[in-house]
Structures are given as structure tokens and as C-alpha cells.
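Single-structure report; data block below.
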Amino acid sequence: MDPLYKPQGVEQRWQQTWEEEGLYGADPDAPGEPFVVMHPPPNISGSLTIGHCLQLSLEDVLVRYQRMRGRNTLFQPGYDHAGISTWASIGRTLAQEGKSQRDLGRDGFDAYVQEWLERYGGKIMSQFRLLGASLDYRRTRFTMDEGYYRAVMRWFVHLYERGFIYRANRIVNWCPHDKTALSDLEVEHEDEDDTLSYVRYPLADGSGHVTIATVRPATILADVAVAVHPEDERYRDVVGTEVVVPFVERLVPVIADKRVEQEFGTGALKITPGHDPTDFEIGRDHGLEELTVIGPDGLMNDAAGELAGLTQEEAGRRVIDWAAERGQLEKRENYRHAVGHCERCHTRIEPLVVPQWWLAMEELAAPAIAAVKEERVRFTPERFARVYLDWMENVRDWCISRQIWWGHRIPVWYCPDGHVTVVDTEPESCAECGSTELRQEEDVLDTWFSSALYPFATLGWPDETPELERWYPGSLVATAREIIFLWIARMIFSGLELIGEDPYVDVLIHSTLLNSEGKRMSRTLGTGIDPEDVLEPYGADATRYGLLKVTSSQDPRFSFGTIEEGRKLANKLWNASRLLLMTGAVEPEALPSSVEERWILARIDATRAELEADLAAFDFAHGVERLYHLTFDDFCDWYLESIKPRLEEEDVRATAFAALERLLKLLHPVMPHVTEEIWTNLPSRETRLIVAPWPESQTWEGELAAIESAQTAARIYRRSGVRTKLEGDSARIFEAVVRPTEDGQGDLEAERARVQKEIDRAERMLANEKFVANAAPEAVDAEREKLAQYLAERDALG
RNA sequence: GGGCGGUUAGCUCAGCUGGGAGAGCAACGGCUUUACACGCCGUAGGUCGCAGGUUCGAGCCCUGCACCGCCCACCA
């Protein structure tokens with residue numbers, strides 16, 4: 001046995017063994033209360049980041065812990081087809097060859113994407129394995145595999161038949177680069193410097209003008225009205241009259257609407273329902289025409305007349321020039337404001353009126369709101385329930401159609417007469433007229449429309465499977481903050497609508513790792529950390545420990561420091577086992593013949609209870625810290641050191657092995673590999689540690705106090721340098737653990753002074769009438785206990 | 001614009017309902033002790049972001065400010 005523990009090789013060997021022996025396998029027929037964790041399926045288009053490792057680590061700790069406790073565990077792996085993300089990635093690859101997705105044709109694209117998946121798809125699962133994640137890999141699902149596809153079709157038809165899905169010509173977020181609609185959540189707002197132009201719209205009767213402020217002068221061509229606030233005194237006389245739109249010189253009405261902000265600009269707003277969301281709503285309410293001058297490519301379209309084909313910037317300049325020449329440009333000023341961009345390609349979003357498929361949200365949201373309000377679904381940390389509710393209570397209809405070729409194609413067929421057939425498998429003929437000339441809807445569904453089904457589609461729904469029966473609802477989903485609306489909210493309402501039950505009990509919102517500069521990690525910016533740069537040198541156990549250690553804060557900075565701590569812990573355990581094995585293996589048996597043995601068993605048991613509480617509260621950081629101190633301070637520095645003089649005795653080693661076994665069990669969920677490796681070296685092991693039973697409670701309370709007072713005394717004498725004045729067990733422990741100075745005649749004065757200072761402080765507190773009167777009784781009692789303890793120390797010092 | 005989290009030792013972070021400022025790493029000193037020098041024992045290091053307030057007592061509660069990070073957002 002090498003004195004230096006080397007995870008390389010050991011870890012992969014165990015990962016293979018566990019998987020080959022079926023120990024990761026989930027079985028719906030197995031006994032035990034289910035514990036089901038659906039690992040959020042990563043995008044097929046990427047590889048893992050260190051942030052994914054953090055998420056996977058905390059899920060796996062819980063799964064391994066519950067597996068040892070006898071729960072029927074399912075840890076479900078899978079991939080997400082990630083519609084637009086994958087579409088955009090492939091687009092970037094093709095662009096290098098001067099091609100685009102649409103050049104391939106729909107069938108050609110399908111072939112290309114299959115090849116692409118085979119090339120990149122395997123990477124993620126191998127990274128899961130490298131971290132030691134005990135997922136049931138045999139059950140790996142893909143959000144576009146055959147069964148899942150069926151589930152999505154069924155879901156669409158269900159919602160359509162219930163009247164929740166409708167097709168409408170409304171304003172949407174349009175990405176001119178990807179040429180598809182996006183949902184509100186796929187739009188990122190970024191501040192941009194712009195110019196606010198003040199343009200005069202002459203009154204039709206020539207008696208003056210109304211000045212509006214705009215950042216998009218090109219859209220003036222599509223203006224159909226000017227609006228002011230109904231209570232705005234400045235414009236009271238012009239409401240109901242007409243103004244002349246510059247450049248196109250069209251007469252449009254001046255209307256009043258309370259959505260206009262009086263304070264902004266001049267208080268007058270040009271209304272362009274075809275190219276602005278607010279204007280669109282105002283336009284619909286006032287029955288205004290929706291003119292369009294910008295096309296799906298973001299350029300001016302034919303309706304723009306002489307400006308057709310120009311960019312909006314150029315067209316805007318022409319309009320501004322036109323106004324300036326006629327004295328209708330009042331002023332221009334710099335203006336910084338948030339502008340929507342496509343989250344995938346960062347192109348500026350173009351609001352356009354185009355027909356899309358929508359999901360009506362209000363009725364679906366209601367039970368999903370109740371689920372969280374009634375705490376059937378619990379968020380950790382709790383504050384995220386508020387975030388979820390705020391969004392859900394104000395949710396708007398969801399645009400679910402996308403004009404790309406990667407995703408679940410919408411199960412709607414049109415016949416030449418325009419009849420619509422909506423069924424979950426391809427129909428022979430039109431449901432209304434029987435025509436066999438059917439054309440399927442070109443659009444595909446938003447990725448998240450299908451992800452929403454993950455907790456039950458992975459279990460076989462819509463079929464009635466044993467898995468679905470046994471493992472739905474699940475137990476827990478762990479995810480990052482930004483996924484709350486995209487995925488969590490949608491899983492909850494989908495599960496309630498289709499199955500009638502919440503998809504899980506706990507939603508764990510975990511930390512987001514920042515890089516060492518405190519910046520968000522991003523692959524595209526190159527600010528991320530490759531998991532393999534950590535896993536390769538440090539090993540999975542150390543990485544898991546290090547990542548969990550830092551989960552107490554919301555946005556921790558990644559640091560190798562905590563990973564290093566994990567590596568030391570693994571090495572320490574390894575060497576502790578070496579000490580016992582090299583002295584001689586014996587059958588483990590708790591034979592607590594002396595105070596040290598009873599103490600360490602009690603310490604381990606106390607930590608077990610504390611660790612269970614930590615895990616129940618998802619407090620991984622404190623849990624692993626506890627294990628570190630149990631191992632280093634209690635097990636190695638005190639216990640093993642104190643029994644060294646008696647290590648030749650078989651009874652002593654039998655207890656030591658028994659204590660080590662318990663320690664390994666507590667550590668296994670966090671550091672599975674090193675603990676399993678040590679476990680196999682221990683005498684007469686019949687089962688793998690991964691499926692060994694979690695330790696039962698054992699109480700030795702009195703013993704904790706006994707050795708802790710010995711420790712306290714030992715620390716005092718150790719600090720003073722004076723040879724022990726202790727007797728009995730304490731003296732033995734002291735002699736074994738502490739090596740006093742040669743002469744044993746250190747100076748006690750400093751120690752006496754320190755203790756006296758504490759006594760003075762405690763006495764002062766207790767003499768404070770207001771403290772005794774106002775403080776909590778426990779606080780006063782605690783103070784009295786401290787005083788008694790220090791008085792005892794003073795006595796011990798002589 | 002609205003909201004959330006953070007600011008504690010050189011670094012990464014704990015600090016539970018207000019009652020003696022902590023850990024790990026780094027630094028410094030000492031240890032060839034029957035495992036581990038990736039070890040052991042010890043030392044030093046902090047006006048707890050700033051300014052007020054409440055309280056017998058504030059890192060913790062309240063108000064304001066500054067800075068960092070994040071989420072949401074149709075004021076053109």
C-alpha cells in the first residue's frame with residue numbers, strides 16, 4: 001500500500017465495477033420507499049462545465065445516502081435535444097463551410113444532425129461517470145427518442161383538445177438571424193447606447209404639431225396613430241384630431257391611452273402596432289391597422305417603398321434626414337436603454353406580427369401556484385418560492401412554435417381546403433373533409449415544451465408502466481436559479497395537468513459557481529473551467545468534496561483550495577486504514593473496553609445524526625466540513641493517536657476497525673471511491689460499501705463528556721508545557737496524545753491569567769442585572785456553565 | 001426600472017432565534033513520534049464595506065449609502 005493515495009485508476013475501476021455489478025440500477029419492483037432524482041438533462045450540443053459537476057455532486061450525495069438507507073432509488077440520466085441551442089451550434093459549424101442549415105433541406109438537415117449527435121453526444125455521459133455519479137445509465141433517455149416523441153405529441157393534442165393551445169397572429173419576439181419566434185424567456189435584455197430622436201408630426205389642419213420621441217425612426221413608416229395620456233393637459237385639444245406621419249405623409253388619428261407615460265420624452269407616443277409590443281396592444285384595443293415595413297430578415301420590406309431592402313439604420317437615417325430638411329427634427333439626444341437580444345445568437349430582437357402557436361397560461365398556472373403556496377412543492381432556499389410565485393402570478397401566454405427544423409414537429413395537418421387536423425400520430429386523411437392531401441405544420445415546438453414532461457415521459461408516459469406507477473411523483477430536482485421559470489414552473493403545471501400530481505417535493509436551487517475573478521463562467525467567453533482539469537489531477541472524490549464545501553453561498557468563486565482539502569481528506573483516510581492494516585487485520589467488532597473507544601464511537605454517532613440533519617436541510621457545506629473534522633481531529637489526531645500504545649491488542653484493533661467502518665459509511669456519499677477502496681481492504685467484507693446499510697443510531701452520551709473533559713485538560717497542560725497532573729483515563733490519553741516539554745516544568749502563569757480573564761468576564765456578565773433580567777434564560781444558564789467550567793480549570797491548574 | 005444575494009484574517013468561506021470573532025489554505029516557529037511531511041504540535045494575523053439608529057449588549061435587528069454578482073422587465 002502506497003502511503004500516498006492516488007485516485008487515478010482506482011476511481012475508474014470502481015465506476016466500472018459498480019455499473020457492471022448493476023449497483024447503480026434502479027428497479028421498480030425493489031422494496032423501499034422511492035427516492036427519485038431526475039438529473040436535469042444537459043444540452044446535447046455541449047459538454048459539461050464545473051458548474052454541472054457541482055449540481056451532479058449534490059444530487060449524487062443524496063442518492064447514495066438514500067440508497068444506503070434502503071430507499072428505492074432512481075437517479076435518472078438523459079440528454080436534451082435543446083432545439084434552438086443545437087440549431088444555432090450547427091449553424092455556426094456550417095457557417096465555416098459557407099453554408100446554413102436551410103441549405104441542407106429538411107431531410108438533409110435531419111441526416112446531418114444525426115451524424116453530429118453521434119460525434120458529440122457520448123461526451124456528456126462519460127463525464128457523468130468520471131465524477132462517479134450513480135445514475136442508472138441503462139435508463140438514459142433522450143428528449144427526442146421514440147417514446148418521448150410520442151409523449152410530446154400526446155401532450156400537444158391534450159392541450160389542444162382542452163382549448164389551451166391556439167394559433168394567433170400576434171406580435172412576437174423574432175430573431176432575424178435564426179429566423180424564428182422566441183418566447184419571452186429566450187430574450188436577454190442588454191443595455192445599449194442609442195439615439196432618441198424628437199420628430200414633429202404636423203397637425204392636419206396646419207395649426208401646429210405634436211412632437212414624439214423615438215429610437216427607431218425607420219418604424220415611422222408603419223405608424224398608424226399618435227397616442228397621449230388621457231389626463232395629459234398639454235394634449236387635451238389635439239386628441240381626436242389628425243396628424244401627418246413624416247416621410248409617408250399619411251393622416252393618422254391622435255388617440256388617448258393610459259399606457260402612455262406622460263413623463264417620458266414629450267408625452268406623445270407614435271403607435272406602430274406592427275413593430276412594437278406596447279403599440280400592438282394599444283392598436284388592438286383601438287382597432288388600428290397593423291402595418292409592416294420590416295421583414296423577417298430584419299431589413300425594410302416592399303411596403304417601405306423606396307426604402308425597401310435597406311437596413312433599419314439606413315432607413316432611419318433617411319427618415320431623419322427627410323424630417324431635418326423640413327424643419328421637423330426637433331433634436332436628437334444620446335439614450336442608453338435595455339434592448340432585447342436572442343439569447344443564442346445575440347442578434348437584436350425584432351418584434352414582428354406573425355402567426356404562431358400559443359399556450360394559454362392562466363388556467364394552467366392556477367394549480368401550479370397552489371402547489372407552491374400550499375408547500376406541497378418546497379423551494380430551498382425558501383426565498384425562491386417568492387420568485388416562482390411572482391412570475392407565475394403574472395405569467396403571460398407562451399409562444400411555443402419555432403421556425404427551425406430541430407425539435408418535435410407540431411402534430412397539426414392542413415388539407416387544401418384549410419381544415420385543421422390535430423392528432424398525435426400522422427393521419428391518413430383530413431378529419432373534416434377526408435382529403436388525403438395533407439400537409440404537416442412546418443414549425444417545431446419550443447424545447448421547454450417537451451422538457452416539461454421529463455418527470456414522467458422518462459418513466460414511459462403515456463404508457464402505463466411500472467416505472468411510472470412507482471416513481472412518479474419524484475422526490476427532488478436540483479437546478480440553477482435561471483431555470484426556475486424555463487423548466488421548474490413548466491414541469492409543475494404539466495405534471496398537474498396530465499397526471500394530477502406535483503412532479504416532486506423538493507426544488508433545490510443550488511449555487512452558481514463563479515470563476516476566480518468573480519465572473520460568471522462562460523464557455524463562449526473562455527472564462528469557464530474544464531471539469532477534466534480538476535478531475536484528472538485531483539480525482540472525483542476530492543472534486544466532489546471541494547464543490548460541496550462551497551455550496552453555502554449563492555455565488556461562490558471557484559477555488560482549488562477546497563478541492564485540495566478534499567484530496568487531503570482522502571489521503572488521510574487512506575493512511576488511517578494503512579496504520580490499522582499494517583498492524584494486523586482482525587474482524588471488526590465494537591468492544592469498547594476503554595474510554596477512548598466508547599468516545600470515538602459516540603463521536604461518530606453524534607456526527608451521523610448531525611450529518612443526517614445537514615442532508616435533510618440540503619446543507620452540504622456544513623455536512624462535509626463536519627466529516628473533515630471528524631476524520632482529522634477526532635478519529636486520527638485524538639483516537640488513533642491515543643490507542644497507538646495499545647494497538648498490538650486485538651480487541652483494540654477490532655474496535656478501531658469497527659469505528660473505521662462506520663466512518664467510511666458516513667463518508668461514502670461524498671467520497672465514494674476512496675471509501676469503497678478502503679472498504680474492500682478491510683477484513684471479511686461481504687457487500688460493497690455503496691449498498692452497505694447506513695449506520696444505525698448508537699448512544700454513548702456519557703462517554704463524550706468524559707473524554708472531552710480530558711481533552712480540555714490536556715489542551716491546558718499542552719499549552720502551558722507542564723507535565724500532566726491528570727489521573728486515570730485522562731492521564732493515559734494525555735500521555736499518548738500530548739508530548740510535553742522535556743523538563744515538564746513549563747510556566748503556568750500565562751495559562752492562569754487566561755483562565756482568570758474568562759472568569760472575570762463571566763462574572764461581570766452575571767453581575768449585570770439587566771442581562772440577567774432581559775436575556776433569554778438559556779443564555780444566562782450558558783453563562784453560568786461557562787463560569788463553572790473556568791473555575792474548574794483554575795482549580796486544575798493549581 | 002423592479003427584485004434577490006453578497007461585502008468577516010493575505011485567499012476561499014463559516015458564524016444557528018443578538019450574549020466570549022472561527023475553519024481550511026497561505027505565513028511564521030517547533031517536531032526523522034509504531035499510518036500520513038499531501039503529516040503532527042503551536043504562533044501570529046480581523047476598526048466584521050461606510051454612516052446613523054434600536055439595545056444593558058450588534059458581525060447578527062432597523063434606516064440610508066457605496067461597491068460586487070444575479071434574476072426579472074413591452075417607458076417609446
Side-chain angles (χ1 to χ4, degrees), chain A residues 1 3-5 171 173 184-185 187 189 194 196 212-216 219 227 259-266 268-272 276-282 335 337-338 340 351 381 383-384 386-387 390-391 394 396 480-482 484-485 512 514 516 518-520 546 549-550 552-562 564-565 567-583 619 621-622 625 628-629 632 636-637 640-641 644-645 647-648 718-719 721 736-739 757-758 761-762 765 768-776 778-780 782-783 786 790:
Chain A
M1 287 174 85
L4 178 59
Y5 173 68
I171 198 150
N173 305 299
D184 295 335
L185 290 174
V187 176
H189 293 82
D194 233 322
L196 192 57
I212 59 87
T214 181
V215 291
R216 301 180 66 198
T219 64
R259 279 164 286 199
V260 179
E261 295 288 334
Q262 297 187 54
E263 293 73 28
F264 188 88
T266 61
L269 171 65
K270 72 187 206 57
I271 300 297
T272 320
D276 182 274
T278 307
D279 296 6
F280 177 82
E281 282 178 18
I282 293 176
Y335 180 57
H337 66 144
R383 62 177 177 273
F384 291 111
R386 192 70 256 156
V387 175
D390 284 346
W391 187 78
N394 297 294
R396 291 187 291 165
R481 291 194 290 287
E482 66 263 27
I484 293 174
F485 313 134
T512 304
L514 306 177
S516 54
K519 299 286 184 225
R520 193 184 175 78
K549 180 71 191 291
V550 94
S552 48
S553 27
Q554 180 167 297
D555 301 297
R557 296 184 179 199
F558 177 81
S559 143
F560 281 102
T562 55
E564 180 67 31
E565 204 174 310
R567 189 170 70 164
K568 285 183 169 187
L569 178 54
N571 192 57
K572 191 71 173 175
L573 276 173
W574 178 249
N575 279 289
S577 74
R578 280 181 71 229
L579 171 65
L580 298 179
L581 289 168
M582 289 190 314
T583 314
D619 185 352
H622 287 102
E625 186 175 21
Y628 183 93
H629 286 114
F632 270 81
C636 293
D637 297 346
L640 287 184
E641 290 302 328
K644 269 183 184 172
L647 214 47
E648 296 300 330
R718 183 192 274 166
R719 210 180 287 126
V737 177
V738 184
R739 275 150 252 286
K757 213 175 121 191
E758 299 291 355
R761 194 198 58 80
M765 287 285 288
N768 180 342
E769 288 171 22
K770 287 182 177 169
F771 166 64
V772 178
N774 300 334
E778 308 86 66
V780 180
E783 213 52 52
K786 283 180 205 163
Y790 289 123

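- Of the candidate nucleotides G24(B), G69(B), C40(B), G69(B) has the atom nearest to the side chain of Q554(A).
- Contact check, H337(A) against A76(B): a side-chain N or O comes under 4.0 Å of OP1 or OP2.
- The shortest side-chain heavy-atom distance between T219(A) and R216(A) falls under the 4.5 Å cut-off.
- Taking atom CG of L573(A) as the reference point, atom C1' of G39(B) lies 14 Å away to the nearest angstrom.
- Nucleotides C4(B) and U63(B) have their P atoms positioned 11 Å apart, rounded to a whole Å.
- Separation of the C1' atoms belonging to C16(B) and C60(B) is 11 Å when rounded to the nearest angstrom.
- Nearest to the side chain of R396(A), among C74(B), C13(B), U34(B), sits C74(B).
- Considering every non-hydrogen atom in both K270(A) and T214(A), the closest pair reads CE-OG1, 3.4 Å.
- Put simply, T562(A) has no side-chain N or O that comes within less than 4.0 Å of OP1 or OP2 on U12(B).
- Going from atom CG of L185(A) over to atom P of C70(B) covers 18 Å, rounded to whole Å.
- With U34(B), C38(B), C75(B) as the choices, the nucleotide that has an atom nearest any side-chain atom of F264(A) turns out to be C75(B).
- The phosphate of C40(B) (OP1 or OP2) has a side-chain N or O of K572(A) nearer than 4.0 angstrom.
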Could you write out each protein N or O paired with an N or O of nucleotides 54-57 of chain B at a distance under 3.5 Å?
unit_1	atom_1	unit_2	atom_2	d
C56(B)	O2	N768(A)	ND2	3.2

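- Across all strands shown, M765(A) has heavy atoms under 4.0 Å from base atoms, whether or not it also approaches the sugar-phosphate.
- No salt bridge links E565(A) with K568(A); every basic N to acidic carboxylate O contact stays at or beyond 4.0 Å.
- Annotation: salt bridge (charged side-chain N to carboxylate O under 4.0 Å, His left out) contacts involving residues 553-562 of chain A, sequence neighbours excluded, comprise R481(A)-D555(A).
- Between the P atom of C74(B) and the CG atom of D279(A) lies a distance of 14 Å, rounded to the nearest Å.
- For E625(A), the side-chain atoms get nearest to A23(B) when compared with the rest of C75(B), C40(B), A23(B).
- Atom-to-atom, CZ of R557(A) to C1' of U7(B) comes out at 10 Å; the value is rounded to the nearest Å.
- Only the C1' atoms considered, A66(B) is 7 Å distant from C50(B), to the nearest whole Å.
- At distances below 3.5 Å, not a single donor-acceptor pair connects side-chain atoms of N575(A) with backbone N or O atoms of R578(A).
- Between A9(B) and A14(B), the distance separating the two C1' atoms is 13 Å to the nearest Å.
- In this structure, of C13(B), C72(B), C40(B), it is C40(B) that holds the atom nearest to the side chain of D637(A).
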(request) Kindly indicate, with the supporting measurements, whether the criterion side-chain contact (heavy atoms from CB on, under 4.5 Å) is fulfilled by L647(A) and L580(A). (result) CA-CA 8 Å; L647(A) 214 47; L580(A) 298 179; 4.1 Å; yes
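- Rounded to a whole Å, the CZ atom of F280(A) is 19 Å from the P atom of A76(B).
- Distances shown here put a side-chain N or O of H189(A) below 4.0 Å from the OP1 or OP2 atom of C74(B).
- Toward the 5' end of RNA chain B, the nearer of the two residues F384(A) and V387(A), judged by each one's closest nucleotide, is F384(A).
- Separating the P atom of C13(B) from that of A76(B) is a span of 36 Å, rounded to the nearest Å.
- Under a 3.5 Å cut-off, the side chain of N571(A) and the backbone N or O of Y5(A) do form a donor-acceptor pair.
- Counting all heavy atoms, side chain and backbone alike, T266(A) lies closest to A213(A) at OG1-N, 4.4 Å.
- Heavy atoms of E565(A) sit under 4.0 angstrom from primed sugar atoms or phosphate atoms, though from no base atom.
- The side chain of V550(A) approaches C13(B) more closely than any other nucleotide in the set C13(B), A76(B), C25(B).
- Between C70(B) and R481(A), no contact under 4.0 Å exists linking OP1 or OP2 to a side-chain N or O.
- With N173(A) contributing its side chain and P351(A) its backbone, the two residues share no donor-acceptor pair below 3.5 Å.
- Applying the 3.5 Å distance criterion, the base of A26(B) shares no donor-acceptor pair with the side chain of E564(A).
- In this structure, L4(A) places its CG atom 8 Å from P of A37(B), rounding to the nearest Å.
- Taking the P atoms as reference points, G6(B) lies 10 Å from G15(B), given to the whole Å.
- Atom CG in L569(A) sits roughly 11 Å away from atom P in G39(B) (whole-Å rounding).
- Closest to the E641(A) side chain, of the nucleotides U33(B), A73(B), U12(B), is U33(B).
- No contact: E769(A) has no heavy atom under 4.0 Å from any strand.
- Going from atom CG of N571(A) over to atom C1' of G39(B) covers 9 Å, rounded to whole Å.
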(request) Decide side-chain contact (heavy atoms from CB on, under 4.5 Å) for I484(A) and W391(A); before the verdict, give the C-alpha distance in whole Å, the side-chain angles of both, and the deciding distance to 0.1 Å. (result) CA-CA 10 Å; I484(A) 293 174; W391(A) 187 78; over 6 Å; no
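- The side-chain heavy atoms of F264(A) and L269(A), taken from C-beta on, include no pair separated by under 4.5 Å.
- Within the nucleic acid shown, P645(A) comes within 4.0 Å of at least one base atom, counting heavy atoms only.
- The shortest non-hydrogen separation linking T583(A) to E648(A) is CG2-OE2, 4.1 Å.
- Within the nucleic acid shown, A338(A) comes within 4.0 Å of at least one base atom, counting heavy atoms only.
- Separation of the P atoms belonging to G22(B) and U43(B) is 12 Å when rounded to the nearest angstrom.
- Using a 4.0 Å cut-off, some side-chain N or O of Y335(A) falls inside it from OP1 or OP2 of A76(B).
- Between S553(A) and A14(B) there is a side-chain N or O to OP1 or OP2 distance below 4.0 Å.
- Checking G69(B), A14(B), U12(B) against every side-chain atom of D555(A), the shortest atom distance belongs to G69(B).
- Distances from the side chain of R383(A) to the nucleotides C4(B), C38(B), G15(B) place C4(B) closest.
- Between F384(A) and Q554(A) the shortest heavy-atom distance is CZ-OE1, 4.0 Å.
- If you check every strand for non-hydrogen atoms under 4.0 Å, K644(A) touches a base.
- Contact between the side-chain N/O atoms of K568(A) and the OP1/OP2 oxygens of G24(B) is not found at any separation under 4.0 Å.
- Checked against C71(B), A76(B), C74(B), the side chain of T214(A) finds its nearest nucleotide in A76(B).
- Ring geometry, Y628(A) versus F632(A): the interplanar angle falls under 30°, so the pair is classed parallel (tilted spans 30 to 60°).
- Helical stems in RNA chain B, defined as runs of 3 or more consecutive Watson-Crick or G-U wobble pairs with both donor-acceptor distances under 3.5 Å, are listed by first residue as B:1-7 with B:66-72, B:10-13 with B:22-25, B:27-31 with B:39-43, B:49-53 with B:61-65.
- Counting non-hydrogen atoms under 4.0 angstrom, Y5(A) reaches nothing in the nucleic acid.
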